[in-house]
Amino acid sequence: MADLFSFEFTAHTKASQQAAFDAVANAEDWTKWGKPVVRATKLTRTGNPDERGVGAVRAMGAFPGGPLPVKERITAFEPHRRIGYTLVTPAPMRNYAGELTFTEADDGTDVRWQIQFEELIPASGPLIRAAFRQLIGTFHGKLIRYLDEQAR
């Protein structure tokens, strides 16, 4: 059995729960806060009943008009509360699962981003966790800064 790896980030934003959720749920909004890694997005398959919801597939990339190499499938969608996703794109791990939760707080929203995966190649997990922890941590920080700027 492959080893399971996980990590999470939690931060507070002054933005409302709805604004925080929408910034992640709307694929096109990623280009507002995910640059330079995410400069182009496209919904390649719609979810049901919400087009952004369960079953939706969104593609992302760094080059507008170019290939969109990263594809995610939405696996959980609770408006204003939770979004879960998995990678459709081949990756150096198995059973990748990401989840963002948005919890209303006194003066805004707490945003938690959790990741877990199994290593594909024995002993590769720590290196992959370090790389993805850096990437997701950067995205989480950019998201929080964007939301705080929008909440002013």
Side-chain angles (χ1 to χ4, degrees), residues 4-66 68-89 91-93 95-118 125-152:
L4 181 66
F5 292 85
S6 63
F7 59 88
E8 72 177 58
F9 293 94
T10 302
H12 181 79
T13 176
K14 295 175 185 174
S16 70
Q17 191 177 16
Q18 178 178 348
F21 178 88
D22 287 344
V24 176
N26 299 329
E28 63 276 3
D29 284 357
W30 281 65
T31 63
K32 297 175 184 173
W33 57 266
K35 292 178 182 172
V37 177
V38 178
R39 293 182 183 207
T41 61
K42 181 180 179 183
L43 195 61
T44 62
R45 180 177 169 201
T46 58
N48 190 3
D50 189 305
E51 72 174 17
R52 307 168 302 168
V54 174
V57 175
R58 54 190 185 190
M60 302 177 188
F63 303 105
L68 301 174
V70 177
K71 291 188 175 123
E72 300 174 339
R73 179 179 298 111
I74 303 303
T75 58
F77 191 83
E78 297 175 30
H80 314 300
R81 294 187 20 211
R82 181 170 77 106
I83 297 174
Y85 67 96
T86 188
L87 288 177
V88 176
T89 307
M93 78 269 293
N95 300 322
Y96 177 98
E99 181 177 89
L100 288 99
T101 54
F102 308 90
T103 305
E104 191 173 5
D106 289 337
D107 61 342
T109 305
D110 292 330
V111 180
R112 184 173 68 176
W113 197 329
Q114 299 171 284
I115 302 294
Q116 72 175 27
F117 65 90
E118 294 176 359
L127 179 61
I128 293 167
R129 179 178 51 203
F132 271 74
R133 185 175 171 79
Q134 179 68 38
L135 177 66
I136 299 300
T138 298
F139 277 141
H140 190 255
K142 285 176 170 287
L143 173 63
I144 298 300
R145 284 189 296 279
Y146 169 79
L147 291 169
D148 282 344
E149 289 171 7
Q150 298 302 305
R152 288 183 194 176

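Sequence positions, counted from 1, serve as the residue numbers for this chain.
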Report task. Might you confirm whether atom CZ of R73 has over 12 heavy atoms from other residues, nucleotides or ligands at distances under 6.0 Å? Result -> no
Query - Separation between CZ of F9 and CD of Q114, rounded to the nearest 0.5 Å - result: 12.0 Å
Query raised in the report: Is the backbone N or O of A97 less than 3.5 Å from a side-chain atom of T86, with the two atoms forming a donor-acceptor pair by type?
Result: no
Requested in this report: Look at the side chain of T31 and the backbone N and O of T41, then say whether any donor-acceptor pair between them is shorter than 3.5 Å.
Outcome: no
Requested in this report: Keeping the roles fixed (side chain from Q17, backbone from H80), state whether a donor-acceptor pair exists under 3.5 Å.
Outcome: yes
Query raised in the report: CZ/F102 to CG/L147 distance, rounded to the nearest 0.5 angstrom?
Result: 8.5 Å
Report task. For atom CD of E28, decide whether the heavy atoms of other residues, nucleotides or ligands shown that lie under 6.0 angstrom number more than 12. Result -> yes
Query - Side chain proximity check, L87 to F117, heavy atoms < 4.5 angstrom - result: no
Query raised in the report: At their closest point, which heavy atom of L43 faces which heavy atom of E51, and how far apart are they?
Result: CD2-O, 3.7 Å
Query raised in the report: Taking the six-membered ring where the residue is Trp, are the ring centres of F139 and F132 under 6.0 Å apart?
Result: no
Requested in this report: Calculate, to the nearest 0.5 Å, the distance between atoms OH and CD belonging to Y96 and E118 respectively.
Outcome: 14.0 Å
Report summary line: Distance col, row D22:CG vs Q150:CD, nearest 0.5 angstrom, shows 12.0 Å
Report task. Without swapping roles, check the side chain of T44 against the backbone of A59 for a donor-acceptor pair under 3.5 Å. Result -> no
Query - Sidechain-backbone polar pair: H140 side chain, V111 backbone, donor-acceptor under 3.5 Å - result: yes
Report task. Please state whether the rings of W30 and W33 are parallel, tilted or perpendicular, taking 30° and 60° as the class boundaries. Result -> tilted
Query - N/O donor-acceptor pair under 3.5 Å between T10 side chain and R112 backbone - result: no
Query raised in the report: Between OG1 of T138 and CG of L143, what distance do you get to the nearest 0.5 Å?
Result: 12.5 Å
Query raised in the report: What pair of heavy atoms forms the shortest contact from A62 to P36, and how long is it?
Result: CB-O, 3.9 Å
Query - Test item: M60 and L68 side chains (from C-beta on) under 4.5 Å apart, heavy atoms - result: no
Requested in this report: Identify the two heavy atoms, one from P69 and one from G61, that lie closest to each other, and give their separation to 0.1 Å.
Outcome: CD-CA, 3.8 Å
**Report entry** Contact check, side chains of W113 and V24, non-hydrogen atoms, under 4.5 Å
**Finding:** no
Requested in this report: Rounded to the nearest 0.5 Å, what's the gap from CD1 on I83 to CZ on R52? Could you check?
Outcome: 7.5 Å
**Report entry** Heavy-atom side-chain contact between F5 and I115 under 4.5 Å
**Finding:** no
Query - Side chain T109, main chain T103, donor-acceptor under 3.5 Å - result: no
Query raised in the report: Sub-3.5 Å donor-acceptor pair from the side chain of K14 to the main-chain atoms of R152, do we have one?
Result: no
Query raised in the report: If you look at every heavy atom in P64 and A40, which pair is closest and at what distance?
Result: CA-CB, 3.7 Å
Query raised in the report: Between E78 and F21, which heavy-atom pair has the shortest distance, and what is it?
Result: O-CE1, 3.4 Å
Query - Among R45, R58, K42, the one residue meeting salt bridge (charged side-chain N to carboxylate O under 4.0 Å, His left out) with E72 - result: R58
Report task. Return the minimal non-hydrogen interatomic distance between F77 and G53, and the atom names on each side. Result -> CG-CA, 3.4 Å
